[in-house]
Amino acid sequence: MNKLLSLPVQNTLGESPLWIPEEHALYWVDHGASTIWRWQEAGGPPECFQQPVPIYALARRQGGGLLVAAGLELARWQPAASLQTVAHIPPPHPAGLRLNDGKVDAAGRYWVGELDRANKDGRLFRLDPDLSLHEMDRGFIVSNGIGWSPDQRTMYVTDSRRYSIYAYDFDLASGSIANRRVFSAFEESNIVPDGLTVDSEGCVWCARARGGLLIRFTPQGQPIQQVNLPTTGVTSCIFGGSALDQLFITTSVSLVSEDQLPSQPEAGN
């Protein structure tokens, strides 16, 4: 990788980076501060939009603005407007259940998973453009990074607390998934797989929360590259910039232990 630059935002838990080419802008969230952030490529400081509830994931809407995952709801968001709920996650709602990471597929469907530490049976949902909601799979503890292969035949979903990235057979026309299997398994430890993105060569980039690095995997699941970061609290990544040749990486203060914080001034940037 080339030069590492930093936006000094010190997010409690930065997540869900989203590049919007028409705006030349990067959006992301800070779970811990209930904020949505925007940074524009032309320069200037990042903008911060305070929200009434924590926002866990962002997606672009064709009609403008964003779709956001907030608690157990999906809502529309515009910078100058309040949240407008478009879908509620159906029961059961065990203690601590909430939505976590989400992404839009190439047909405009929004996929989002649950965090379910209590029952360890979180669901994966698909929200279609007509706003119908479909349960697609279950059995997740902390559903996380989502992405697709360039040929649209494979879908990836991370479960941070099962220490695995899963792969599914994916059908773009129908939006169906099948044949869930382990794409890459990690040794169980406090260093867990988090958000991910897929590059133009079909390689998967995954953040290692509390591990201070990104790992790039071949389409066959073999690690081939490692990018070390100056903080252990690495959460997610996305390609962006005018040529899509910049890798934007979110990080977290809360994923860094108190004794490590003095030596990690970039935490949360």
Side-chain angles (χ1 to χ4, degrees), residues 1-52 54-70 75-84 101-106 108 110 145-148 150 194-201 203 205-207 213-214 216 225 227-231 233-253 264-269:
M1 302 299 287
N2 295 317
K3 187 175 182 181
L4 183 68
L5 303 176
S6 177
L7 293 174
V9 292
Q10 295 188 310
N11 291 159
T12 302
L13 186 53
E15 263 286 8
S16 192
L18 172 68
W19 178 256
I20 298 185
E22 288 80 4
E23 295 185 33
H24 299 279
L26 178 76
Y27 287 79
W28 72 96
V29 301
D30 183 354
H31 294 189
S34 301
T35 51
I36 296 173
W37 289 78
R38 178 173 64 190
W39 173 80
Q40 294 183 301
E41 194 174 26
E47 301 171 87
C48 179
F49 304 91
Q50 189 69 46
Q51 304 304 307
I55 305 297
Y56 297 102
L58 305 175
R60 179 186 179 189
R61 292 185 63 244
Q62 186 178 33
L66 304 178
L67 180 74
V68 304
R76 297 187 183 103
W77 177 81
Q78 296 269 10
S82 58
L83 297 174
Q84 296 180 313
D101 208 356
K103 290 278 179 67
V104 176
D105 70 22
Y110 182 63
I146 298 174
W148 290 266
D194 205 318
L196 64 77
T197 194
V198 184
D199 65 26
S200 60
E201 297 178 355
C203 293
W205 296 75
C206 182
L213 52 87
L214 298 175
R216 185 185 187 219
Q225 189 174 355
V227 179
N228 296 307
L229 280 300
T231 175
V234 183
T235 56
S236 193
C237 58
I238 195 75
F239 284 96
S242 298
L244 297 180
D245 60 353
Q246 299 175 43
L247 188 61
F248 293 99
I249 304 159
T250 49
T251 69
S252 164
V253 170
Q264 297 187 27
E266 297 284 5
N269 291 349

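Along the sequence shown, residues carry numbers from 1. Note that these values count all heavy atoms, side chains included, but never hydrogens, waters or copies made by symmetry.
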**Request:** Indicate the atoms forming the closest heavy-atom contact of Val29 with Ile36, along with that distance.
**Result:** CG1-CG1, 4.3 Å
**Complete:** What one should report as the nearest heavy-atom pair of Val234 and Ala207 is CG1-CB, 3.7 Å
**Asked** Does the Gln51 side chain pair with the main chain of Ala33, one donor and one acceptor, at a distance under 3.5 Å?
**Response** no
**Message:** If I compare all heavy atoms of Val9 with all of Pro46, which pair ends up nearest, and what's the gap?
**Reply:** CG1-CG, 3.9 Å
**Request:** Mark yes when over 12 heavy atoms from residues, nucleotides or ligands other than Gln62 sit less than 6.0 Å from its CD; otherwise mark no.
**Result:** no
**Asked** Do Glu15 and Thr250 have side-chain N/O donor and acceptor atoms under 3.5 Å apart?
**Response** no
**Asked** Taking it one step at a time, do Trp28 and Phe248 satisfy ring-ring contact (aromatic ring centres under 6.0 Å, His included)?
**Response** CA-CA 10 Å; Trp28 72 96; Phe248 293 99; 8.6 Å; no
**Side-chain donor or acceptor of Ser34 paired with backbone N/O of Pro52 under 3.5 Å** = no
**Message:** Using every non-hydrogen atom in the two residues, find where Ala25 and Arg38 come nearest and quote the distance to one decimal.
**Reply:** CB-CG, 4.1 Å
**Item:** Main-chain N/O of Gly268 paired to Ser252 side chain as donor or acceptor, under 3.5 Å
**Value:** no
**Message:** Do the side chains of Glu23 and Arg60 get close enough for a salt bridge, i.e. N-O under 4.0 angstrom?
**Reply:** no
**Item:** Whether Glu266 side chain and Ser6 backbone form a donor-acceptor pair below 3.5 Å
**Value:** no
**Message:** Please identify which of these residues, Ile238, Val198, Leu247, meets the side-chain contact (heavy atoms from CB on, under 4.5 Å) condition with Trp205.
**Reply:** Leu247
**Request:** Give a yes or no on whether the backbone of Gln40 and the side-chain of His24 come within a donor-acceptor separation of less than 3.5 Å.
**Result:** no
